[in-house]
Undergrad: 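Below you'll find the structure I mean.
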Amino acid sequence: MAKNKPSKLKARLPRGFVDRSAADIRATEAMLAKIREVYERYGFDPVETPAFEYTDCLGKFLPDTDRPNAGVFSVQDDDEQWMSLRYDLTAPLARHVAENINEIQLPFRSYRAGWVFRNEKPGPGRFRQFMQFDADSVGAPGVQADAEMCMMMADTMEALGIPRGSYVIRVNNRKVLDGVMEAIGLGGEENAERRLTVLRAIDKLDKFGIEGVEQLLGEGRKDESGDFTKGAGLSDEQIERIVAFVIQSLKISQLAKTYARNTGYSGNPKLVSAAIGELSNYVLPQSSGAEGVDELETIAELVSAADYDNGRVAIDPSVVRGLEYYTGPVYEAELLFDVTNEKGEVVQFGSVGGGGRYDGLVKRFTGRDVPATGFSIGVSRLMTALKNLKKLQADEVVAPVLVTVMDGDTASLARYQKMTQELRAAGIRAEMYQGNWKKFGNQLKYADRRGCPLAIIQGGDERAEGTVQIKDLIEGARLAGEIEDNVTWRESRPAQVSCPEADIVATVRRMLAEQAEDRARQDGEAGASQ
RNA sequence: GCAGACGUAGCUCAGUUGGUUAGAGCGUCGGAUUGUGGCUCCGAAGGUCGUUGGUUCAACUCCAACCGUCUGUACCA
């Protein structure tokens, strides 16, 4: 006996990565097609860059030579240069534009979908490889480009079947937040680190509430496991000022979402101007903060003029994102409906996409100003949400018709193969059984598990009379419930018709059409009862 | 990264104060049934008890380290 079994290689997936099923791939393809259609309509063209880039081109996240793999997956090329898998699609686009700046006509409007990689701790719904779908305008300095991006995001949400009122594109401006901090004495290079801490604290508002934000702005906060997070160490006066701004933001944000849910409210432009008026109180006059407020105002006007303020795009000063390279307007798409996870708990889903203006990214390479704005949709995340909303079209691809094999001699196999090809030539998905044909029961079992709609059967008897049996597996499965013993079940040959060989294609086509009608009727009934 | 909980068959889990041969359900495969899926019945395969080391006459059980999973937190371009 094999006591010492050869140690088997264990099949295992790296953590944070997933295999994708046929249904997932098809659903994703369908989503991508809808998104692409919107981008194309706005006049964007596809451009693709590779998954690898030289690490230094990806941005500021390389320099740590001790841990070259922190955050990114990196390898050394044979000439010892560091290369990394891209962690977003924006930095590679900046590289592409900079490298081809002489050939590219600015403004350059492009889109791309692709996998990005992050070497981080994975969690439920958080992977180390995921798909983004970006659109960017490079060489577009005005906020009208930002406004256009927001409106395109809104159109994309609706193209995916998210009804107006169930999402909102929230717009803020980095200059405003920076201006608020400048106004309380946190300007200048020496306070850069603290500004980041403050922004992170504000970003935690959803999670920890006002009180938690206050703690993070001050000394720090202790979480339930007893772990302590160091705060920004601001004075009480500074904290008070920031918190006042945050509370004001929260108020506007909640109002904005209310308007987003109740589309058609005519007072929204007034709300927006009131909101922007309030913001001026928190920044210094004549500062870049004031400039940011002006920009928000302009965006609001542009959006309103195009009628997109109507439950689609809303000014919301509580948006904090792009802590690093964003320089002006920032925006994100938030879903407003409840999403339940696989455990049946309602989770706050947060944003499914976002973006902003990054005026400095191309300049790193070219030395000259190439302002740009763009956004990114988290395809995998959005798909999870769409599943919840039942907007993800179910897998409509019907499994193939199975041509079973009753006899294994070459002449018979040739006949089965020919039948299969005739079905295919008629545009019908079909396959001939390729397993061990000697156990006929296994062939139907295979067809059943694969979800085949029909099985074609031709043994010696049928061949002698020039016919085939066509078995309706769907109807047969239904009849199975009414039959108890196996002998009756087998001998009654339920849901099975005989037809002349010449009529196979026509008969299969008719039976498939009948099944499609049944499915449509059932879907209709299920929909009506909900 | 930090803190905590948990790791027994492909999956979900039992397993007595440390005691000799580690079990169940589901799933898989085979048979009852050489030409008919489901149901039912019979049978089989499948385990270095996460890994390594330690304590002990004896470890799935106790201890330590490591690995992995989950939860919270940090980071998230």
Side-chain angles (χ1 to χ4, degrees), chain A residues 3-5 7-8 10-16 55 58-62 67 70-72 84 86-92 94 116-124 126 128 130 132 196-197 200-201 203-204 207-208 212 216 220-230 320-326 343 354-356 358 361 376 378 402 404-408 437-452 454-463 469-496:
Chain A
K3 271 229 171 95
N4 292 325
K5 278 188 299 187
S7 65
K8 274 179 293 185
K10 185 167 187 191
R12 61 208 181 103
L13 196 58
R15 67 201 175 91
T55 305
L58 283 180
K60 47 181 290 302
F61 282 86
L62 61 120
R67 299 171 62 206
V72 298
S84 299
R86 62 188 176 192
Y87 51 74
D88 70 10
L89 298 178
T90 310
V116 301
F117 304 84
R118 296 190 183 175
N119 193 0
E120 300 170 335
K121 177 182 157 186
R126 239 182 111 154
R128 292 155 98 196
F130 54 96
Q132 293 190 329
L196 267 183
T197 311
R200 284 174 193 148
D203 204 22
K204 296 286 185 294
K207 230 170 178 174
F208 304 141
L216 286 170
R221 181 180 177 276
K222 200 182 282 188
D223 72 41
E224 59 200 56
S225 72
D227 202 20
F228 186 75
T229 308
K230 197 169 182 300
V320 181
R321 63 171 297 117
L323 303 174
E324 299 304 329
Y325 59 60
Y326 289 127
K343 292 175 194 159
Y358 49 97
L361 221 47
S376 179
L402 184 73
T404 59
V405 175
M406 204 69 97
D407 297 300
W437 59 273
K438 288 181 180 170
K439 300 222 187 291
F440 187 72
N442 284 350
Q443 301 195 36
L444 288 184
K445 198 186 223 177
Y446 167 84
D448 190 43
R449 295 198 179 172
R450 201 159 162 13
C452 292
L454 302 174
I456 312 282
I457 302 167
Q458 188 188 54
D461 298 347
E462 288 83 6
R463 186 161 66 252
Q469 300 279 329
I470 301 180
K471 193 176 185 68
D472 184 333
L473 293 165
I474 310 292
E475 177 66 5
R478 201 182 60 73
L479 292 174
E482 299 165 9
I483 302 172
E484 287 291 310
D485 76 298
N486 191 250
V487 175
T488 313
W489 160 241
R490 283 167 62 200
E491 290 180 352
S492 69
R493 297 189 176 178
Q496 196 166 320

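Proteins come first, then strands; the chains are lettered A, B, ... in the order of their sequence lines, and each starts at number 1.
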Undergrad: Which atom pair, heavy atoms only, marks the closest approach of A/Leu58 to A/Ala91?
TA: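 Smallest interatomic distance, heavy atoms only, reads O-CB, 3.6 Å.
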
Undergrad: Taking all heavy atoms of A/Arg15 and all of A/Pro122, pick out the closest pair and write down the distance.
TA: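 Minimum heavy-atom separation between A/Arg15 and A/Pro122: NH1-CD, 3.5 Å.
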
Undergrad: Choose from B/rG38, B/rA74, B/rC75 the nucleotide whose nearest atom is closest to any side-chain atom of A/Ala480.
TA: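 That would be B/rG38.
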
Undergrad: Rounding to an integer number of Å, can you tell me how far A/Arg490 CZ sits from B/rU33 C1'?
TA: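 Result: 4 Å.
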
Undergrad: How long is the line joining CD of A/Glu482 and C1' of B/rC39, in whole Å?
TA: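 Whole-Å distance recorded here is 14 Å.
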
Undergrad: Quick test of the criterion, 5.5 Å between centres and less than 30° between planes. Is A/Trp489 stacked on B/rG38 or not?
TA: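 Here the ring of A/Trp489 and the base of B/rG38 are not stacked, as the 5.5 Å and 30° limits are not both satisfied.
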
Undergrad: Between C1' on B/rC76 and CZ on A/Arg200, what's the gap in Å once rounded to a whole number?
TA: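 One finds 9 Å between C1' of B/rC76 and CZ of A/Arg200, rounded.
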
Undergrad: Between B/rA77, B/rC76, B/rA74, which nucleotide has the shortest distance from any of its atoms to the side chain of A/Asp88?
TA: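 Looking only at side-chain atoms, A/Asp88 lies closest to B/rA77.
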
Undergrad: Which of these nucleotides, B/rC76, B/rU36, B/rG37, is closest to any side-chain atom of A/Glu120?
TA: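 Of all the options, the side chain of A/Glu120 is nearest to B/rC76.
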
Undergrad: Check if the side chain of A/Glu491 and the base of B/rG35 share a donor-acceptor pair of N or O atoms closer than 3.5 Å.
TA: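 Side chain to base: no pair present.
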
Undergrad: Over all strands shown, is A/Arg86 touching base, sugar-phosphate only, or nothing at heavy-atom distances under 4.0 angstrom?
TA: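 Touches nothing.
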
Undergrad: Can you find a donor-acceptor pair, distance only, under 3.5 Å between A/Asn486 side chain and B/rG38 base?
TA: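 Yes.
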
Undergrad: Looking at every non-hydrogen atom in both residues, tell me the closest pair between A/Cys452 and A/Leu473 and how far apart they are.
TA: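 Between these two residues, the closest heavy atoms are O-CD1, 3.3 Å.
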
Undergrad: Of all heavy-atom pairs between A/Tyr446 and A/Leu402, which one has the smallest distance, and what is that distance?
TA: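 Looking at all heavy atoms of both residues, the closest pair is CE2-CD1, 3.9 Å.
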
Undergrad: Ignoring hydrogens and angles, are the base of B/rU36 and the side chain of A/Gln443 linked by a donor-acceptor pair under 3.5 Å?
TA: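 Under the 3.5 Å cut-off, the side chain and the base do not form any donor-acceptor pair.
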
Undergrad: For the C1' atoms, the ones on B/rG4 and on B/rC26, what distance do you get once it is rounded to whole angstrom?
TA: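 It comes out at 32 Å once rounded to the nearest Å.
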
Undergrad: Counting only Watson-Crick pairs (N1-N3 plus N6-O4 or O6-N4) and G-U wobbles (N1-O2, O6-N3), all under 3.5 Å, who is the partner of B/rG1?
TA: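 The base-pairing partner of B/rG1, which may sit in any strand shown, is B/rU73.
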
Undergrad: Using the C1' atoms only, state how far B/rA9 lies from B/rU28, rounded to an integer number of Å.
TA: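 It works out to 12 Å between them.
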
Undergrad: Would you mind reading off the distance between A/Asp472 atom CG and B/rG38 atom P, rounded to a whole angstrom?
TA: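 Whole-Å distance recorded here is 17 Å.
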
Undergrad: For the residue pair A/Lys471 and A/Leu444, establish whether any side-chain heavy-atom pair is separated by less than 4.5 Å.
TA: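 Contact flag for A/Lys471/A/Leu444 side chains = yes.
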
Undergrad: Report which part of the nucleic acid A/Gly441 touches: base, sugar-phosphate, or nothing (heavy-atom distance under 4.0 Å, all strands).
TA: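 The residue A/Gly441 makes sugar-phosphate contact but no base contact.
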
Undergrad: Taking the side chain as C-beta and beyond, is there a heavy-atom pair between A/Arg478 and A/Ile474 under 4.5 Å?
TA: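 A/Arg478 does not reach A/Ile474 side chain to side chain.
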
Undergrad: Give me the distance, rounded to whole Å, that separates B/rC76 from B/rG18 when you measure between the P atoms they each carry.
TA: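 It comes out at 48 Å once rounded to the nearest Å.
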
Undergrad: What is the nucleic acid contact for A/Lys438, judged by heavy atoms within less than 4.0 Å: base, sugar-phosphate only, or nothing?
TA: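 Sugar-phosphate contact only.
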
Undergrad: Please work out if A/Ile457 contacts a base, only the sugar-phosphate, or nothing of the nucleic acid, heavy-atom cut-off 4.0 Å.
TA: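 Base contact - A/Ile457 has a heavy atom under 4.0 Å of at least one base atom.
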
Undergrad: In whole angstrom, what separates A/Asn119's CG from B/rG1's P?
TA: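 Roughly 10 Å, once rounded to whole Å.
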
Undergrad: Which nucleotide in the list B/rU36, B/rU28, B/rG37 gets nearest to the side chain of A/Gln496?
TA: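 Out of B/rU36, B/rU28, B/rG37, the nucleotide with an atom closest to A/Gln496's side chain is B/rU36.
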
Undergrad: How would you label the contact of A/Phe208 with the nucleic acid (heavy atoms, under 4.0 Å): base, sugar-phosphate, or nothing?
TA: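 Contact class for A/Phe208: sugar-phosphate only.
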
Undergrad: Between A/Lys471 (NZ) and B/rG35 (P), how many Å, whole number?
TA: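 A/Lys471 atom NZ is separated from B/rG35 atom P by 14 Å.
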
Undergrad: Taking the side chain of A/Ala477 as its heavy atoms from C-beta onward, which of B/rC75, B/rG37, B/rG35 lies nearest to it?
TA: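 Among B/rC75, B/rG37, B/rG35, the one nearest the side chain of A/Ala477 is B/rG37.
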
Undergrad: Paired with B/rA64 by Watson-Crick or G-U wobble geometry, both distances under 3.5 Å: which nucleotide is it?
TA: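 Pairing partner: B/rU52.
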
Undergrad: Return the pairing partner of B/rU36 with a 3.5 Å limit on both distances, Watson-Crick or G-U wobble; otherwise return none.
TA: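 None - no nucleotide pairs with B/rU36, as no candidate has both distances under 3.5 Å.
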
Undergrad: Is there a donor and acceptor pair, one atom on the side chain of A/Lys121 and one on the base of B/rU73, closer than 3.5 Å?
TA: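 Donor-acceptor pair under 3.5 Å: yes.
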
Undergrad: Could you measure between the two P atoms, the one in B/rG10 and the one in B/rU51, and give it in whole Å?
TA: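 My reading of the P atoms in B/rG10 and B/rU51 gives 13 Å.
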
Undergrad: Name the nucleic acid region contacted by A/Gln132, choosing base, sugar-phosphate or nothing; use a 4.0 angstrom heavy-atom cut-off, strictly under.
TA: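 Nothing, no nucleic acid heavy atom in range.
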
Undergrad: Considering all heavy atoms of both residues, which atom of A/Gly355 and which atom of A/Tyr326 are nearest to each other, and what is their separation?
TA: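 In terms of heavy atoms, the two residues are closest at CA-OH, 3.4 Å.
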
Undergrad: Hey, does the side chain of A/Lys204 come within less than 4.0 Å of B/rC76's phosphate (OP1/OP2), counting only N and O?
TA: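 The answer is no; no side-chain N or O of A/Lys204 sits under 4.0 Å from OP1 or OP2.
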
Undergrad: What nucleic acid atoms does A/Lys230 come within less than 4.0 Å of, heavy atoms only: base, sugar-phosphate, or nothing?
TA: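 Since no nucleic acid heavy atom lies under 4.0 Å of A/Lys230, the category is nothing.
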
Undergrad: Check if the side chain of A/Arg15 and the base of B/rC67 share a donor-acceptor pair of N or O atoms closer than 3.5 Å.
TA: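 There is none.
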
Undergrad: With both distances under 3.5 angstrom, what nucleotide forms a Watson-Crick or G-U wobble pair with B/rU21?
TA: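 B/rU21 is unpaired by these criteria.
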
Undergrad: Expressed in whole Å, how much space separates the P atoms belonging to B/rU17 and B/rC2?
TA: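 Going atom to atom, P in each nucleotide, I get 36 Å.
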
Undergrad: Do A/Arg126 and A/Lys121 touch side chain to side chain, with heavy atoms closer than 4.5 Å?
TA: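 No, side chains not in contact.
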
Undergrad: When the distance from CD of A/Glu462 to P of B/rU36 is rounded to whole Å, what number comes out?
TA: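 Taking CD of A/Glu462 and P of B/rU36, I get 12 Å after rounding.
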
Undergrad: Does B/rG10 have a Watson-Crick or wobble mate here (both distances under 3.5 Å), and if so which one?
TA: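 Its partner is B/rC26.
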
Undergrad: Work out how far the C1' atom of B/rG47 is from that of B/rC60, and round it to whole angstrom.
TA: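 So the two C1' atoms sit 11 Å from each other.
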
Undergrad: Contact class for A/Asp407 vs. all strands (heavy atom < 4.0 Å): base, sugar-phosphate, or nothing?
TA: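 No contact at all - A/Asp407 keeps every heavy atom at 4.0 Å or more from the nucleic acid.
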
Undergrad: Could you check which of B/rG37, B/rC76, B/rA74 has an atom nearest any side-chain atom of A/Arg118?
TA: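 The answer is B/rC76.
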
Undergrad: Could you give the distance separating B/rU71 and B/rG15 at their P atoms, to the nearest angstrom?
TA: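 Straight-line distance between the two P atoms is 25 Å.
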
Undergrad: Nearest of B/rG35, B/rU73, B/rU28 to any side-chain atom of A/Thr229?
TA: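 Minimum distance to the A/Thr229 side chain belongs to B/rU73.
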
Undergrad: Of the non-hydrogen atoms in A/Gln469 and A/Glu462, which two are nearest, and what is the gap between them?
TA: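 So the two residues come closest at CG-OE2, 3.3 Å.
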
Undergrad: A/Phe440 has an atom CZ; how far is it from atom P of B/rG38, in whole Å?
TA: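 Going from A/Phe440 (CZ) to B/rG38 (P), I get 13 Å.
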
